[in-house]
There are 2 protein chains.
Amino acid sequence: MPSRPHPAFDVYAQNCPTRMVLNRIGDKWALLILDCLRDGSARFSVIRRKIGGISQKVLSQVLKNLERDGLVLRTVHATVPVAVEYSLTSLGETLTQAVASLTHWAEQHMEEVQEAQLRYDGKRIDG
Amino acid sequence: MPSRPHPAFDVYAQNCPTRMVLNRIGDKWALLILDCLRDGSARFSVIRRKIGGISQKVLSQVLKNLERDGLVLRTVHATVPVAVEYSLTSLGETLTQAVASLTHWAEQHMEEVQEAQLRYDGKRIDG
DNA sequence: GAAACTAGGTTTCAATACGAAACCTGGTCT
DNA sequence: AGACCAGGTTTCGTATTGAAACCTAGTTTC
């Protein structure tokens, strides 16, 4: 049964807890953050600088949620000033392939998407 | 160059158009809809019933965006009453594997996530 | 001939999430 | 004392969301 690995959970069901998880990982910022941590740990401000346009608030919020869900590990180093290091847990690493596929898809197929958009918008303007 | 397939696009850059695309496909509803169309075309109300909790407004909105981006094909059949059929384009089909990986991940690892949440919440309450 | 039902939406409006900017903490350097 | 760093949190105005109602156009039911 390849498409129904666990009979108790169904992401199509409105009240299934998997919905919350999908909500977490099916998010622009979460995908970028997880992808960012794919090749090792990174500190808060490094992630912030790497992901253009993310605000501190959103970054800390999403990281906190990912930590709660067991995908990301937060390690505080008692240096001065304090350094906080984020990395993927082993659970988080099971997601990296899927996450990378999605983010890479955008880069690989951008031109086709842009052509489709032009076609769509043209149709609407011309009538 | 496996991790940088197209030098012109970088999903980490704030103003890169890939960001808009990631915003589209990195979305709870879009992922469910794309996954829903994975094994064939479906009509509006069929999708609506299959995905518990989605509203008509959101469904039509997301479908419209996916159509504009060339991922989904909308076909109107002049029957009575009119039947509208949605299906994946060939571009959309290149995404199915990644999408399925994400949605299935949630079903497969839900228990580990729940354990992590309990651990996290317990830590905060106890100490 | 008028309710009621179908499919496929759109509109409305209140609630929620979001993002930019400011602020905070606690320590160092000048 | 004043400025700076890391790693956040708070504030507040705006954008997005979702539930519910409505719409169009045709069909069957009474």
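Letters A, B, ... are given to chains in the order of the sequence lines, protein chains preceding strands, and every chain is numbered from 1. Keep in mind that the numbers below use all heavy atoms, side chains included, and drop hydrogens, waters and symmetry copies.
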Under 4.0 Å between a side-chain N/O of Tyr86(A) and OP1 or OP2 of dG8(D), yes or no? yes

One should read off an interatomic distance between Ser41(B) OG and Arg74(B) CZ, to the nearest 0.5 angstrom, of 14.0 Å

Applying side chain to side chain donor-acceptor pair (under 3.5 Å) to Arg24(B) and not counting sequence neighbours gives Asp69(B)

Separation of dC18(C) atom C1' from Arg19(B) atom CZ, nearest Å, is 15 Å

Only one of Thr96(B), Asp27(B), Leu88(B) passes side-chain contact (heavy atoms from CB on, under 4.5 Å) with Leu34(B), and that residue is Leu88(B)

Lys64(B) atom NZ is separated from dT16(D) atom P, nearest whole Å, by 15 Å

Rounded to whole Å, NZ of Lys28(A) lies from P of dG19(C) at a distance of 6 Å

Here the distance between atom P of dT6(C) and atom CD of Gln56(B), to the nearest Å, is 13 Å

note: Leu59(B), atom CG; dA20(D), atom P; distance rounded to Å ~ 17 Å

Here the distance between atom P of dG8(D) and atom CD of Glu85(A), to the nearest Å, is 12 Å

When rounded to whole Å, the CG to P distance for the pair Asn23(B) and dA17(C) reads 17 Å

Does a side-chain N or O of Trp29(B) approach OP1 or OP2 of dG18(D) to a distance below 4.0 Å, or not? yes

**Single-linkage hydrophobic cluster Leu73(B)~Val84(B), side-chain heavy atoms < 4.5 angstrom** = no

Worksheet item: Between Ser55(A) and dA21(C), does any side-chain N or O lie under 4.0 Å from OP1 or OP2?
Response: no

note: Gln61(B), atom CD; dG18(D), atom P; distance rounded to Å ~ 9 Å

With a cut-off of less than 4.0 Å, is there a side-chain N or O of Arg48(A) near OP1 or OP2 of dG7(D)?
no

Contacts of Arg49(B) and Lys57(B) projected onto DNA chain C by closest heavy atom; the upstream (5') one is Arg49(B)

Nearest-nucleotide check on DNA chain D, Gln14(A) vs Ala83(A); residue mapping nearer the 5' end is Ala83(A)

